[in-house]
Amino acid sequence: MAGKLYLVPTPIGNLGDISRRAAQTLEAADFIAAEDTRVTVKLLNHLELHKPMVAYHRHNCETAGPAILRRLEAGESCALVTDAGTPAISDPGEDMVALCAAAGVEVEAIPGPCALVVALSASGLPTARFTFEGFLPLNKKNRRARLEALADEERTMVFYEAPHKLRTTLDDLAEVFGPDRPLAVCRELTKLHEEVLRLTVGQAQARYAAQEPRGEFVLVAAGRPPRAEAPDGDGALARAQALRREGMALKAAAAQAAEEFGVKKRQLYNQMLEREET
Ligand code: SAM
């Protein structure tokens with residue numbers, strides 16, 4: 001019988017955020033696949049656990065992934081952890097899950113810390129609908145294209161960003177979204193120097209022009225405000241004319257079409273009158 005892959009979220013800064021279930025899963029698994037075994041060993045020491053570990057990261061996943069899969073198919077259970085947060089969210093865990101899914105090996109995801117959720121929930125921006133954009137592409141042209149594609153996005157947008165790219169990203173956001181777009185800059189979440197700045201893109205640019213960005217960042221940008229819908233004048237006129245053809249009186253047809261299309265009754269009436277007189 002095939003074993004199971006457990007996705008075990010780990011703290012994004014505060015060791016107290018490891019859940020009891022996550023710790024129990026690490027303890028019960030036959031082995032742990034870790035993005036960086038040096039990082040994970042600190043967590044295991046904190047939990048007083050000693051477990052066999054294998055490395056699984058973006059530079060070895062092509063060979064390590066199939067090797068882990070073979071062990072799972074032979075009946076072992078594996079707890080997959082990454083350096084911080086929820087495996088498979090902007091980290092190589094994604095490929096391991098796909099491999100298991102394709103091979104019919106069961107995957108169980110344990111809920112837990114995830115930087116995007118912590119940032120979004122603290123952002124003060126609308127959370128009912130959002131889009132997670134992960135890291136923007138490194139290449140300038142591709143980054144720009146990705147942002148341009150979001151120019152009309154009305155949902156709140158969440159980005160992961162490295163400190164050395166923060167200034168460039170803020171400049172790009174200012175160009176595409178405008179400097180007045182509300183933004184939450186979430187830094188060092190759950191850590192000693194945690195900070196959530198709720199400002200505009202322009203204010204964030206000014207702040208980080210004066211101060212070197214340090215630490216880990218999540219940017220949460222407000223979506224574009226919905227455009228006020230222009231009243232559909234042509235639609236109203238066509239509808240009123242159709243009502244006239246059905247035999248309705250001019251005034252009543254104008255009133256009904258104006259109501260249906262949210263346009264001014266008097267204006268529509270005059271427009272129809274003009275056409276009927278010519
Ligand atoms: N899988 C992880 C998760 O669930 O959040 C994310 C992994 S991704 C490789 C790392 C990025 O997450 C960082 O570059 C940063 O954007 C964000 N991040 C992780 N920890 C953070 C923290 N404590 N504060 C702010 N951002 C953090």
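Here the structure is a predicted model, which is why all the values come from computation and not from measurement. Remember, it's 1-based here, ligands and their atoms both numbered in the order they're listed.
With sequence neighbours excluded, no residue forms a side chain to side chain donor-acceptor pair (under 3.5 Å) with Asp17. Residues forming a salt bridge (charged side-chain N to carboxylate O under 4.0 Å, His left out) with Arg71 (at least two apart in sequence, or on another chain): Glu76. Ala174 meets the side chain to side chain contact (heavy atoms under 4.5 Å, CB included) test with Val201, Gln205; sequence neighbours excluded.
Side-chain contact annotation: Thr25 with Glu27, donor-acceptor N/O pair under 3.5 Å absent.
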For ligand 1, run through the N/O pairs with the protein that fall under 3.5 Å and put one pair on each line.
unit_1	atom_1	unit_2	atom_2	d
ligand 1	1 (N)	Thr86	O	3.0
ligand 1	1 (N)	Ile89	O	2.8
ligand 1	1 (N)	Asp91	OD2	3.0
ligand 1	4 (O)	Thr86	N	2.8
ligand 1	5 (O)	Ala115	N	2.9
ligand 1	5 (O)	Tyr160	OH	2.7
ligand 1	16 (O)	Glu161	N	3.3
ligand 1	16 (O)	Phe217	O	2.6
ligand 1	20 (N)	Glu216	OE1	3.4
ligand 1	23 (N)	Ile12	O	2.9
ligand 1	23 (N)	Leu189	N	3.4
ligand 1	23 (N)	Leu189	O	2.9
ligand 1	24 (N)	Leu189	N	2.8

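Taking every heavy atom of both residues into account, Ala221 and Leu125 meet most closely at C-CD1, 4.0 Å.
In this structure, the ring of Phe159 has its center no less than 6.0 angstrom from the ring center of Phe217.
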